[in-house]
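What follows is a short report on a single structure.
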Amino acid sequence: MKYVDEYRDAAVAERLSAAIRAVTRRTWTLMEVCGGQTHAIVRFGIDELLPPEIRLIHGPGCPVCVTPLEVLDRALDLASRPDVTLCSFGDMLRVPGSCGTLSGARARGADVRVVYSPLEAVTLAESSPDREIVLLAVGFETTAPANAMAVLEARRRGLRNFSVLVSHVRVPPALGALLDAAECGIDAFLAAGHVCTIMGTAEYEPIAKRHRVPIVVTGFEPIDILEGILMCVRQLESGRAAVENQYSRSVRHAGNREARRVLAEVFEVVPQKWRGIGTIPESGLALTAAFADFDAERRFGLAETRTEEPSECISGLVLRGLKKPTECPAFGTRCDPEHPLGATMVSSEGACAAYYRYRRRG
Amino acid sequence: MTDVPPVCPLPGSPTHIELGHGGGGRMTRRLIEDVFWPVLGEPPGAARHDGAVVTAGAGRPVLTTDAFVVRPLFFPGGDIGRLAVFGTVNDLAMCGAVPHHLTASFILEEGFELEELRRVLRSMRQAADEVGVAIVAGDTKVVERGHGDRLFIAMSGLGWVADGVEIGPARVAPGDVLIVSGDIGRHGIAILAVRENLALSGDIRSDCGELVSSVNALLRAGVDVHCLRDLTRGGLATALWEIARDGAIDLSLDEQRIPVSPGVRGAAELFGFEPASLPCEGRLVAFVPERDAARTLEILASAAPDAVPVAAGAARGRVVERPGRVLLRTAFGTERELEPPFGELLPRIC
């Protein structure tokens with residue numbers, strides 16, 4: 001299949017793996033930011049193709065995993081109201097909130113719909129004028145433009161029954177926060193190719209400079225990831241710390257201007273809580289005052305809620321790259337995809353789910 | 001293949017299922033006489049009774065039962081009628097049985113169009129004729145509007161398996177070759193595409209089809225078939241996972257050899273689905289001893305010319321201390337475990 005097969009070629013992988021072995025002199029810790037990359041690494045066994053000096057740790061780039069518990073609880077609250085239809089991406093349905101999941105709420109009668117595109121929710125609002133349609137708008141800079149478009153489209157169509165429950169997150173401040181933490185030990189980043197396709201690469205330059213870390217914008221196929229690792233190691237071994245672009249078939253320096261324009265029109269940068277990590281300044285997006293009418297929290301007067309994570313879950317440490325999923329005592333025993341303690345075990349991009357799915361050797 | 005002519009509704013007769021059709025009185029009888037019998041066949045007067053007395057076949061009887069719910073009822077490559085008949089006879093075929101008789105129960109939702117019901121029945125009749133089985137008994141129930149999804153079908157099937165034919169997970173032996181009868185995942189993507197109105201390139205049609213002729217051909221040729229499983233919900237991953245567990249044997253599978261069409265692969269990549277977990281409705285996996293593998297591939301290819309069978313793996317060793325596993329070898333020579341999907345297939349966010 002074009003654009004896939006050439007990035008899964010075993011011979012090319014072997015050449016890249018040999019090149020990495022050849023340039024590696026010292027021990028390096030690399031973090032892949034995106035959950036999609038984590039899954040590819042574990043699924044294809046890419047870490048097994050690396051020399052022992054290279055350690056990969058998994059980053060916080062799973063949109064489902066970092067969505068705060070409070071947001072899920074608000075979504076559950078909204079979904080349980082008889083006049084509300086809650087639209088969500090499929091991934092969110094099985095993530096545990098404080099009391100249950102959206103999938104469970106749906107089974108008990110809540111109107112929860114899986115949408116493939118945010119615009120479906122807008123169309124639904126138009127065709128169901130007697131219902132309140134709420135779109136659960138979560139994710140990184142990758143999904144934010146489509147959600148922003150949905151808001152613009154709802155305004156254009158004059159819809160009064162459409163709103164969004166927003167919990168968007170931005171990658172660069174999170175990288176800064178990870179590096180600021182004393183315990184981090186991260187030598188270089190494989191940045192998320194899809195995020196940079198939208199946002200470009202300029203935001204990463206101050207981070208690379210300030211923290212002296214190489215940042216290589218990397219794709220999601222095995223060959224992309226191996227090449228990204230090679231580019232990181234070359235920089236590290238030669239003492240450089242620059243932003244480089246491995247994923248040039250998709251990422252331009254300036255990103256996608258139209259998507260960025262839409263983002264800037266609908267959203268503003270705000271502090272944001274990340275599940276398992278805490279609040280990071282400037283790491284979230286919220287609707288600007290001009291779009292306040294579409295804010296579900298405001299429309300439904302949702303109160304601040306207090307939430308508590310299961311004390312046994314170490315997903316915060318996993319999301320910060322401080323622990324591997326298999327280092328959790330509950331992994332595969334008291335926590336599995338059927339009975340998850342945390343979101344990292346549920347999401348298709350969560351590190352714990354990746355290890356459970358691909359790495360459980362009985 | 002019999003072409004059953006369409007039957008015109010009588011003037012003034014109802015065009016939709018009404019609650020009265022489920023009342024058990026005259027309306028119910030009219031529904032059966034006017035809609036079901038003209039298509040499925042009218043039993044001779046003496047045989048109109050609470051059950052069908054059937055003749056025994058050779059060997060031992062095999063019974064199976066299955067329920068069918070699909071939205072939409074008609075989809076690219078098939079419909080609920082073909083799905084029901086083929087799904088039931090395929091289950092019999094997986095036991096090595098020749099299917100003889102089927103029964104069908106229809107749960108009809110108030111308001112369901114009778115013309116749609118006729119279309120489904122014609123399709124069932126044609127599918128039954130294709131595999132040479134008779135639908136000998138049936139039942140109808142009507143549920144109020146909003147309490148069903150237009151039409152549900154529950155089927156039972158009776159077939160006969162020859163003495164000496166033993167097919168099942170317990171017979172999978174170390175060294176057996178694992179053969180997949182054709183490309184996988186088409187049913188899942190075809191349904192997803194039409195249900196969600198997705199514009200996918202490549203016109204993906206369901207693989208909905210019968211596996212009886214393939215199995216008959218293997219048995220007639222004297223292939224020592226150790227185990228068969230039709231791939232349905234949960235796809236290849238679930239079928240192999242169940243066989244590994246129930247047969248207490250480790251299986252290995254070569255990821256690159258799993259047959260997946262470019263259209264299905266593209267859609268699976270897009271939505272983050274594992275192709276091996278996607279539903280199929282006309283594919284099987286067979287375990288045969290190595291000496292029979294080449295012949296099995298040939299026979300499967302000629303029995304179902306639209307599908308290309310592939311030897312995609314093998315059974316490893318028997319295990320006693322834990323359930324067997326399915327180990328997938330990637331293009332890079334690394335190995336991972338193939339797990340069945342957890343529950344509903346949910347598309348990822350980005």
Side-chain angles (χ1 to χ4, degrees), chain A residues 1-5 8-11 13-14 17 34-36 39 42-49 61-64 67 88-94 103 114-117 120 138-143 146 192 194-195 221-222 226 336-338 346-349 353 356-362, chain B residues 183 192-193 195-202 237 241 244-245 248 250 254-256 260-277 319-350:
Chain A
M1 191 166 68
K2 201 156 166 45
Y3 305 123
V4 172
D5 289 337
R8 292 186 184 171
D9 186 302
E14 185 42 51
S17 162
C34 173
H39 267 254
V42 184
R43 176 175 172 197
F44 294 99
I46 292 167
D47 46 346
E48 295 170 30
L49 304 174
C62 161
V64 173
T67 300
S88 169
F89 289 116
D91 248 8
M92 291 300 294
L93 257 65
R94 289 201 298 107
S103 172
V114 171
V115 292
Y116 290 75
S117 152
E120 284 177 46
V138 302
F140 285 89
E141 296 95 322
T142 40
T143 44
H194 291 161
V195 168
E221 292 297 329
L226 283 167
D336 61 30
E338 225 159 317
V346 187
S347 165
S348 65
E349 295 188 43
Y356 188 89
R357 191 160 153 194
Y358 303 129
R359 281 285 157 86
R360 239 166 5 98
R361 303 274 163 86
Chain B
D183 66 312
L192 177 78
R195 194 134 79 184
E196 303 302 335
N197 205 10
L198 303 173
L200 298 176
S201 62
W241 183 72
R245 290 175 83 88
D250 280 349
D254 191 339
E255 188 167 35
Q256 284 181 293
V260 187
S261 72
V264 169
R265 255 188 85 189
E269 286 291 331
L270 198 58
F271 292 103
F273 297 142
E274 173 96 57
S277 294
V319 292
V320 280
E321 71 283 7
R322 53 166 172 75
R325 299 165 306 171
V326 186
L327 297 159
L328 195 70
R329 203 171 168 70
T330 72
F332 307 114
T334 55
E335 201 171 62
R336 65 179 164 95
E337 206 170 317
L338 183 65
E339 281 271 319
F342 167 73
E344 196 185 358
L345 290 177
L346 297 171
R348 67 167 172 225
I349 287 186
C350 67

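Atom set for the values below is all heavy atoms of this structure, side chains included, hydrogens, waters and symmetry mates excluded.
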B:Glu274 and A:Arg357: side-chain contact (heavy atoms from CB on, under 4.5 Å), yes or no, with the steps?
-> CA-CA 11 Å; B:Glu274 173 96 57; A:Arg357 191 160 153 194; 3.3 Å; yes
Out of curiosity, [X] [atom1] to [Y] [atom2], how far, rounded to the nearest 0.5 Å?
| X | Y | atom1 | atom2 | answer |
| --- | --- | --- | --- | --- |
| B:Arg336 | A:Glu48 | CZ | CD | 11.5 Å |
| A:Ile46 | B:Thr330 | CD1 | OG1 | 9.0 Å |
| B:Thr334 | A:Tyr358 | OG1 | OH | 11.5 Å |

Cut-off 4.5 Å, heavy atoms of chain B, and the answer for A:Asp9 is backbone
Applying a strict 4.5 Å limit to non-hydrogen atoms, the region of A:Glu14 in contact with chain B is neither
Practice problem: Evaluate the side-chain proximity of B:Glu339 to A:Tyr356: yes if any heavy-atom separation is below 4.5 Å, no if none is. | Solution: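 Yes, close enough: below the 4.5 Å cut-off.
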request  = Would you mind reporting whether A:Arg43 and B:Glu255 have side-chain heavy atoms less than 4.5 Å apart?
outcome  =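 A side-chain contact under 4.5 Å exists here.
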Worksheet item: Of all heavy-atom pairs between A:Ala10 and B:Ala331, which one has the smallest distance, and what is that distance?
Response: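 Heavy atoms of A:Ala10 and B:Ala331 come nearest at CB-O, 3.2 Å.
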